[in-house]
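The structure appears right after this line, and notes come after that.
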Amino acid sequence: MGQALWRLPPRQQQQLQEELEDHLADQGEARRREQGKEQHGFIDLEMLPPELGITILSYLNATDLCLAGCVWQDLGNDEYLWQGLCKSTWGHCSIYNRRLPAGFSYRRLYLQLDEGSLTFNANAQEGIGYFMSKGILVDHPTELAKFIFYTRRLNWKMLRIYLDERRDVLDELVTLHNFSNQFLPNALRDFFRHIHAPEERGEYLETLITKFSHRFCTCNPGLVRELGLSPDAVYVLCYSLILLSIDLTSPHVKNKMSKREFIRNTRRAAHNVSDDFVGHLYDNIYLIGHVAA
């Protein structure tokens with residue numbers, strides 16, 4: 001083989017030599033990968049910072065977490081990890097503020113919270129009833145509002161139905177919002193991210209905008225004095241922003257409202273606000289989009 005190789009032209013000898021070296025390098029890399037798999041397998045969450053481990057596991061539901069416990073052997077016994085998962089997903093529960101009995105399990109609490117959230121997303125009243133039956137929540141408007149405000153797992157359609165029925169909880173939920181130093185359209189978007197607007201105009205939408213207007217003025221007393229705003233004026237501006245959002249974002253509206261038209265129409269209803277302020281409102285919707293999407 002060696003004699004036959006040296007009989008080849010120099011260029012062909014070099015080409016064969018390079019191919020042989022590449023082949024050996026590929027074999028070595030494959031061997032190292034197999035050894036790495038045998039040595040390491042799955043990433044050990046204990047080697048990661050606790051915050052990163054909780055973030056990774058927060059994307060899993062209860063079933064997936066139980067399956068993950070088969071891979072990460074210590075997962076099912078780490079109460080601090082389950083406590084972090086509970087509080088990062090359901091930020092407020094009445095049970096967090098109680099003295100917990102001996103033998104209390106955050107892993108069991110996580111499974112109950114997950115079950116209750118799934119029940120809520122099918123039937124809101126039954127879901128809240130489940131939380132109360134397990135001692136997770138108490139039937140008080142403030143506690144229920146905080147639970148809703150700090151929870152990521154509740155279906156917005158069921159939440160809208162529940163808040164329409166429990167106006168006392170809705171009142172408490174509104175007071176949890178802080179709109180200080182926020183531009184009006186941005187504050188309205190923040191509001192509708194937590195309390196979704198109904199799909200059609202009606203009494204419930206009017207109630208939401210009324211509550212938002214009073215809360216916005218309470219959070220921004222300086223702005224109210226400077227611009228001469230009132231809850232009634234903010235109410236009018238909110239309706240104008242919603243109508244403008246529909247006009248500018250709907251594909252069915254071909255003749256879009258101009259900035260001049262918006263200023264003229266809004267000033268007819270809200271006399272105290274300046275043209276510049278109303279113009280900035282238009283620019284915000286034009287650049288950022290719908291306030292209640």
Side-chain angles (χ1 to χ4, degrees), residues 119-129 139 141-142 144-149 151-179 182-220 229-257 261-262 264-271 273 278 281-282 284-286 288-293:
T119 304
F120 182 97
N121 294 339
N123 185 300
Q125 292 290 353
E126 289 184 8
I128 295 297
D139 190 7
T142 302
L144 295 174
K146 288 181 179 179
F147 173 77
I148 292 170
F149 189 79
T151 296
R152 306 184 315 184
R153 293 280 182 88
L154 303 181
N155 179 273
W156 64 269
K157 290 184 179 179
M158 288 297 164
L159 189 57
R160 187 171 63 192
I161 295 172
Y162 179 75
L163 292 175
D164 193 13
E165 296 173 351
R166 289 292 302 266
R167 297 298 177 92
D168 55 340
V169 178
L170 177 61
D171 289 338
E172 295 294 332
L173 187 58
V174 172
T175 61
L176 293 174
H177 289 80
N178 183 7
F179 301 123
Q182 287 194 42
F183 193 36
L184 180 59
N186 297 333
L188 197 56
R189 288 190 187 91
D190 184 39
F191 180 73
F192 282 134
R193 269 194 293 269
H194 285 97
I195 307 174
H196 291 269
E199 298 174 355
E200 298 179 355
R201 295 176 60 179
E203 186 269 337
Y204 182 56
L205 178 60
E206 294 176 359
T207 298
L208 291 181
I209 297 177
T210 299
K211 293 181 183 299
F212 168 82
S213 302
H214 283 85
R215 183 61 183 167
F216 183 84
C217 291
T218 301
C219 294
N220 296 280
L229 293 177
S230 66
D232 290 339
V234 173
Y235 180 93
V236 171
L237 294 176
C238 288
Y239 252 115
S240 298
L241 289 171
I242 292 173
L243 295 176
L244 177 65
S245 298
I246 296 172
D247 186 276
L248 294 183
T249 60
S250 174
H252 303 293
V253 180
K254 299 195 183 203
N255 298 320
K256 305 295 184 183
M257 186 183 300
E261 290 173 331
F262 178 72
R264 184 180 66 247
N265 295 339
T266 304
R267 286 295 309 281
R268 287 176 182 171
H271 306 288
V273 294
V278 179
L281 296 178
Y282 182 94
N284 183 280
I285 304 302
Y286 185 84
I288 299 180
H290 208 302
V291 292

What verdict does the ring-ring contact (aromatic ring centres under 6.0 Å, His included) test give for His177 and Phe216, after you've listed the backbone C-alpha separation in whole Å, the side-chain angles of each residue and the deciding distance to 0.1 Å? CA-CA 9 Å; His177 289 80; Phe216 183 84; over 10 Å; no
Working note: Phe212 + Phe179, criterion ring-ring contact (aromatic ring centres under 6.0 Å, His included); need CA distance, chi angles, decisive distance, verdict. CA-CA 10 Å; Phe212 168 82; Phe179 301 123; 5.1 Å; yes
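The shortest side-chain heavy-atom distance between Ile288 and Pro185 does not fall under the 4.5 Å cut-off. Within the 4.5 Å cutoff, the side chain of Arg160 has heavy atoms near those of the Tyr204 side chain. Contact check for Asn284 versus Arg189: side-chain heavy atoms found under the 4.5 Å cut-off. Within the 4.5 Å cutoff, the side chain of Ile209 has heavy atoms near those of the Ile242 side chain. For the pair Val174/Leu208, no side-chain contact is recorded, criterion being any heavy-atom separation below 4.5 Å from C-beta on.
Remark: Lys157 NZ is loosely packed, at most 12 non-hydrogen atoms of other residues, nucleotides or ligands lying under 6.0 Å away. By the 6.0 Å contact criterion, OH on Tyr286 is open, its count of non-hydrogen atoms from other residues, nucleotides or ligands being 12 or less.
Between atom CG of residue Asp168 and atom CG of residue Leu163 there is a gap of 10.0 Å, rounded to the nearest 0.5 Å. Taking CG of Asp190 as the start and CZ of Phe183 as the end, the distance is 15.0 Å to the nearest 0.5 Å. From Ile128, atom CD1 reaches atom CG of Asn123 across 10.5 Å, with rounding to the nearest 0.5 Å.
Using cut-offs of 30° and 60° on the angle between ring planes, the pair Tyr282 and Phe262 is tilted. By the 30° and 60° cut-offs, the orientation of the rings of Phe120 relative to Tyr162 is perpendicular.
Judged by distance alone, the side chains of Glu206 and Thr210 never bring a donor and an acceptor atom under 3.5 Å apart.
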